[in-house]
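Quick note: numbers below take in every heavy atom, side chains included, and nothing from hydrogens, waters or symmetry partners.
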Amino acid sequence: QVQLVESGGGLVQAGGSLRLSCVASGRTFSYYGMGWFRQAPGKEREFQAAITWSGGSTDYADSVKGRFTISRDNAKNTVYLQMNSLKPEDTAVYYCAANSYGSSRRNQADYDYWGQGTQVTVSS
């Protein structure tokens, strides 16, 4: 089992920045590929970013490419999502997830463990 706890969400003005953190406990964090997803009100949860177990490769949704950066610190069992140039349409609950493939996956079904989510609200 892996437990994931997100933090760092909040209210920010458009154009601002936030850094989300996701701390893992349980099984060896460095074995897992990690992803960030978000769910806006009335919409399905969607992929945002993912990173391989080593941090050597990343993948991003087109809507956030160039604005969001995913990274990880295996020594701290933590994955981050740096979000810059935030837009009102980025408002959502953000979830981190872990997959046992160790790779950067876009498909939610490939993820084994999920956090409880953290709310990000971007005002215009």
Side-chain angles (χ1 to χ4, degrees):
Q1 291 285 338
V2 174
Q3 292 79 41
L4 301 172
V5 179
E6 302 98 333
S7 62
L11 174 64
V12 64
Q13 289 189 333
S17 298
L18 282 174
R19 188 176 81 156
L20 305 182
S21 299
C22 173
V23 178
S25 60
R27 292 190 175 180
T28 306
F29 174 72
S30 59
Y31 290 168
Y32 291 87
M34 300 296 296
W36 284 97
F37 296 78
R38 72 185 183 191
Q39 186 168 21
K43 295 187 177 181
E44 294 188 353
R45 190 164 57 187
E46 59 182 7
F47 168 78
Q48 298 303 296
I51 190 167
T52 58
W53 67 273
S54 66
S57 181
T58 57
D59 187 23
Y60 296 93
D62 288 344
S63 60
V64 304
K65 198 172 295 184
R67 299 190 299 124
F68 290 9
T69 302
I70 187 171
S71 62
R72 66 190 296 161
D73 184 340
N74 286 344
K76 295 183 178 180
N77 288 356
T78 303
V79 62
Y80 304 98
L81 186 67
Q82 178 67 45
M83 305 186 295
N84 299 328
S85 303
L86 283 162
K87 305 174 182 180
E89 51 264 43
D90 294 318
T91 295
V93 177
Y94 283 72
Y95 299 90
C96 72
N99 76 73
S100 58
Y101 294 97
S103 58
S104 55
R105 301 268 173 153
R106 291 188 170 215
N107 190 342
Q108 297 182 52
D110 291 337
Y111 286 82
D112 306 288
Y113 304 102
W114 292 82
Q116 82 290 346
T118 185
Q119 176 70 47
V120 171
T121 304
V122 184
S123 63
S124 57

Those residues that, when tested against [X], pass side-chain contact (heavy atoms from CB on, under 4.5 Å) (two or more places apart):
X   : value
S17 : Q82, N84
A50 : F47, S104, Y111
R67 : V64, S85, K87, D90

Problem set entry | Set of salt bridge (charged side-chain N to carboxylate O under 4.0 Å, His left out) partners for D110, sequence neighbours left out | R105

Exercise. Does E89 have any salt bridge (charged side-chain N to carboxylate O under 4.0 Å, His left out) partners at least two apart in sequence or in another chain, and if so, which?
Worked result: none

I need the minimum non-hydrogen distance between [X] and [Y], along with the two atoms involved.
X    : Y   : result
S71  : V79 : O-CG2, 3.1 Å
R38  : A92 : CB-CB, 3.8 Å
Q116 : L4  : OE1-O, 3.6 Å
W36  : I70 : CD1-CD1, 3.5 Å
S63  : Q48 : OG-OE1, 4.4 Å

[X] (side chain) donor-acceptor with [Y] (main chain) under 3.5 angstrom:
X   : Y    : answer
S57 : T52  : no
T91 : V122 : yes
N74 : W53  : yes
R45 : Y94  : no

Calculate, to the nearest 0.5 Å, the distance between atoms [atom1] and [atom2] belonging to [X] and [Y] respectively.
X   : Y   : atom1 : atom2 : result
C22 : F29 : SG    : CZ    : 7.0 Å
M83 : R19 : CE    : CZ    : 11.5 Å
T58 : K65 : OG1   : NZ    : 9.5 Å

Problem set entry | The single option from L81, V5, L18, L20 passing side chain to side chain contact (heavy atoms under 4.5 Å, CB included) against T118 | L20

Please table the atom pairs, donor to acceptor, closer than 3.5 Å between any side-chain atom in residues 7-16 and protein atoms at least two apart or in another chain.
none

